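Being a predicted model, the structure only gives us computed values, none of them experimental. The residues of the chain are indexed from 1 along the displayed sequence.
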Amino acid sequence: MKNTCNRKLIGARYYNKAFEAHNGQLDPLLHTARDFVGHGTHTLSTAGGNFVPGARVFAVGNGTAKGGSPRARVAAYKVCWSLTDPASCYGADVLAAIDQAIDDGVDVINVSFGVSYVVTAEGIFTDEISIGAFHAISKNILLVASAGNDGPTPGTVANVAPWVFTIAASTLDRDFSSNLTINNQLIEGASLFVNLPPNQAFSLILSTDAKLANATFRDAQLCRRGTLDRTKVNGKIVLCTREGKIKSVAEGLEALTAGARGMILNNQMQNGKTLSAEPHVFSTVNTPPRRAKSRPHGVKTTAIGDEDDPLKTGDTIKMSRARTLFGRKPAPVMASFSSRGPNKIQPSILKPDVTAPGVNILAAYSEFASASSLLVDNRRGFKFNVLQGTSMSCPHASGIAGLLKTRHPSWSPAAIKSAIMTTATTLDNTNRPIQDAFDKTLADAFAYGSGHVRPDLAIEPGLVYDLSLTDYLNFLCASGYDQQLISALNFNRTFICSGSHSVNDLNYPSITLPNLRLKPVTIARTVTNVGPPSTYTVSTRSPNGYSIAVVPPSLTFTKIGERKTFKVIVQASSAATRRKYEFGDLRWTDGKHIVRSPITVKRR
């Protein structure tokens with residue numbers, strides 16, 4: 001028998017006491033750290049997977065896969081127990097796992113989910129990921145967490161404590177693609193496989209024209225279970241509207257059950273141009289949305305294709321085989337599902353921190369899990385799969401953090417985080433500002449934070465904004481929190497708030513001022529030199545309606561570890577629009593390094 005043991009995965013534990021307290025005892029066979037749904041395997045391999053040639057899913061993506069820190073040793077801590085919902089995790093189990101990982105001596109903790117909670121000012125004291133991340137910081141360990149998948153709604157970003165590294169999701173310059181030929185018109189969509197003869201034409205039927213008499217229009221539009229009439233669908237391609245933001249495979253199961261040969265999965269407007277290649281149960285192509293076209297009696301249905309010639313039942317359609325396309329432009333583009341700022345709990349801290357690839361990510365997968373994660377899907381044994389979400393972008397950042405920790409073992413979590421943030425870019429591969437997932441819309445700092453990660457530059461950032469545990473505690477004091485709450489977070493050790501501290505002066509790599517009047521506001525930042533002796537000069541891009549001055553305008557460093565403090569004076573003019581956020585930035589450069597901080601301001 002082949003020996004599958006290795007020195008790559010060096011720990012595997014599971015935590016389910018909170019889950020069982022709420023849901024009853026699990027089957028004893030499930031009392032294991034083994035991954036039954038694929039989510040944990042996928043994220044762990046993205047963060048630290050070794051080089052694996054021949055990685056592919058179905059017939060696309062063939063190549064060598066590797067994680068962000070391919071030579072790292074990894075450990076898995078299983079805390080989520082639903083076989084259908086990877087994010088169904090209980091906070092007490094999560095915190096127990098984080099604390100165990102800290103005790104085990106890990107260097108970086110990846111948390112690819114968020115624990116649901118009501119947004120309150122005390123949220124960072126009660127959210128288990130926030131508490132666990134604070135515990136980690138106290139032991140010099142960085143915790144990296146997903147921003148959430150509730151975009152594009154503003155103010156939905158999760159994991160917002162300043163000691164958490166919060167990651168948004170954006171696209172790659174690689175697509176898994178299939179072409180639809182509809183009435184001789186070509187439409188490009190996303191697909192992992194099409195198992196139909198490429199030159200065979202099929203008849204199209206809109207799901208709303210195929211609904212059973214007892215099904216509602218909306219349920220049929222979304223191809224929900226038991227809504228399609230087999231006598232109308234059988235042998236045809238059915239057009240369904242996408243329901244899920246990061247996973248939408250149940251529509252295909254209903255269409256297949258009703259006898260369809262394939263499916264067009266049409267995005268809703270909220271999904272924008274984010275196209276997901278998913279492991280559907282049969283031939284499926286995901287397409288972008290178009291404006292709705294009126295139907296009789298005032299009912300509306302989503303149409304794709306030319307807006308003057310929308311798709312209709314009876315059209316002829318061909319689907320090409322799926323293929324892998326490289327060098328796609330523009331990229332990255334923000335994912336529509338990626339949760340957005342502003343930070344509702346701590347408005348003076350910009351969240352998310354950065355963005356990383358989180359759309360159509362190919363990584364390792366549990367061979368126990370079904371390809372689509374649907375329980376009725378019997379396709380198993382997949383070594384790799386394609387998934388989307390900030391769960392997928394998060395381990396990209398964790399992998400980069402692991403590389404930095406290897407290169408700079410003495411760096412603090414804040415220094416590692418700063419290096420990744422200040423070297424991130426807000427430009428795509430056409431050298432234009434990163435676009436959002438919606439037509440003619442540019443993304444902003446509430447979508448991507450400091451920008452898209454660039455690990456090659458993060459390795460040698462030049463300067464970093466460092467922070468200690470005491471800095472975070474003083475920030476909580478300045479935020480007006482009760483000392484009892486602060487002491488509880490600080491391992492029940494009494495912390496006395498002393499001196500005068502401002503929330504604006506936390507030495508964060510981004511600058512956010514959400515409550516400005518016309519009077520100028522001065523904030524302080526301190527940078528630490530981590531490069532060769534150099535002189536840095538400052539440049540700023542002022543937000544619309546605001547002026548920015550930096551004192552002093554240059555900083556000279558003669559040795560590694562040297563610290564210099566500067567002040568930033570921000571003033572709103574009477575022309576600044578009230579209650580509207582504006583964006584700018586501040587850059588220090590010595591000719592080789594560019595150390596960029598986004599500036600986000602709002603006049604009250």
Side-chain angles (χ1 to χ4, degrees), residues 38 42-43 45-47 49-68 70 167-180 186-194 246-247 265 267 271-280 284-288 319-338 354-365 371 382-397 399-400 424-425 427-432 434-437 443 448 451-456:
H42 198 278
T43 53
S45 71
T46 301
N50 212 336
F51 294 85
V52 180
R56 65 176 185 170
V57 58
F58 301 106
V60 298
N62 190 32
T64 298
K66 77 173 187 71
I167 316 301
S170 39
T171 65
L172 294 160
D173 62 353
R174 178 197 65 197
D175 282 338
F176 302 124
S177 180
S178 171
N179 286 336
L180 302 176
L186 204 64
I187 298 172
E188 188 175 329
S191 181
L192 289 183
F193 70 92
V194 171
I246 60 169
K247 185 174 77 169
L265 189 62
N267 275 0
N271 306 126
K273 298 181 292 184
T274 301
L275 299 181
S276 300
E278 297 182 85
H280 288 280
T284 298
V285 179
N286 182 208
T287 54
M319 305 170 89
S320 75
R321 295 292 173 91
R323 63 204 189 281
T324 308
L325 302 177
F326 298 99
R328 304 292 275 169
K329 293 182 180 181
V333 174
M334 290 308 303
S336 59
F337 57 76
S338 187
V354 290
T355 187
V359 180
N360 298 330
I361 303 303
L362 192 157
Y365 198 65
F382 283 71
K383 294 182 182 295
F384 296 90
N385 209 342
V386 171
L387 300 176
Q388 14 269 319
T390 53
S391 281
M392 283 64 248
S393 59
C394 179
H396 280 81
I400 297 168
T425 182
L427 301 178
D428 62 26
N429 58 0
T430 70
N431 209 35
R432 294 185 177 93
I434 292 175
Q435 294 182 20
D436 212 333
Y448 53 59
H452 196 271
V453 294
R454 293 193 288 183
D456 289 352

Using the side chain to side chain donor-acceptor pair (under 3.5 Å) rule, collect all pairs that involve residues 49-65, keeping only residues at least two apart or in two chains. N50-R71
Between CG on residue L427 and CD1 on residue I434, distance to nearest 0.5 Å: 7.0 Å
Who pairs with K273 by side chain to side chain donor-acceptor pair (under 3.5 Å), at least two apart in sequence or on another chain? Q435
To the nearest 0.5 Å, how far apart are OG in S45 and CD1 in I361? 11.0 Å
Taking distance alone, no hydrogens or angles, what donor-acceptor pairs closer than 3.5 Å link side-chain atoms of residues 329-337 to residues at least two apart or in another chain?
| residue | atom | partner | partner atom | Å |
| --- | --- | --- | --- | --- |
| S336 | OG | N271 | O | 2.8 |
| S336 | OG | T274 | OG1 | 3.4 |

With sequence neighbours left out, the residues meeting side chain to side chain donor-acceptor pair (under 3.5 Å) with T355 are S170
Selection residues 387-396 - residue pairs positive for salt bridge (charged side-chain N to carboxylate O under 4.0 Å, His left out), sequence neighbours left out: none
For R323, give me all partners under side chain to side chain contact (heavy atoms under 4.5 Å, CB included), at least two apart in sequence or on another chain. S177, N179, S320, L325
For atom CZ of R454, is the number of surrounding heavy atoms from other residues, nucleotides or ligands below 6.0 Å larger than 12? yes
Under 3.5 Å, which donor-acceptor pairs link side chains of residues 385-395 to any protein atom two or more places apart or in another chain?
| residue | atom | partner | partner atom | Å |
| --- | --- | --- | --- | --- |
| N385 | ND2 | A371 | O | 2.8 |
| Q388 | OE1 | N360 | N | 2.8 |
| Q388 | NE2 | A277 | O | 3.4 |
| T390 | OG1 | G148 | N | 3.2 |
| T390 | OG1 | G148 | O | 3.4 |
| T390 | OG1 | N149 | OD1 | 3.0 |
| S391 | OG | H39 | NE2 | 2.9 |
| S391 | OG | S112 | O | 2.7 |
| S393 | OG | A168 | O | 2.9 |
| S393 | OG | T390 | O | 3.2 |

Identify, with sequence neighbours excluded, every residue that meets ring-ring contact (aromatic ring centres under 6.0 Å, His included) alongside F382. F58
Got a sec, which residues hit side chain to side chain donor-acceptor pair (under 3.5 Å) with T425, two or more places apart in sequence or on another chain? none
With sequence neighbours excluded, what pairs up with R328 under the salt bridge (Lys or Arg N to Asp or Glu O under 4.0 Å) test? D175, E188
Work out which heavy atom in N267 is nearest to a heavy atom in G272; give both atom names and the distance. ND2-O, 3.0 Å
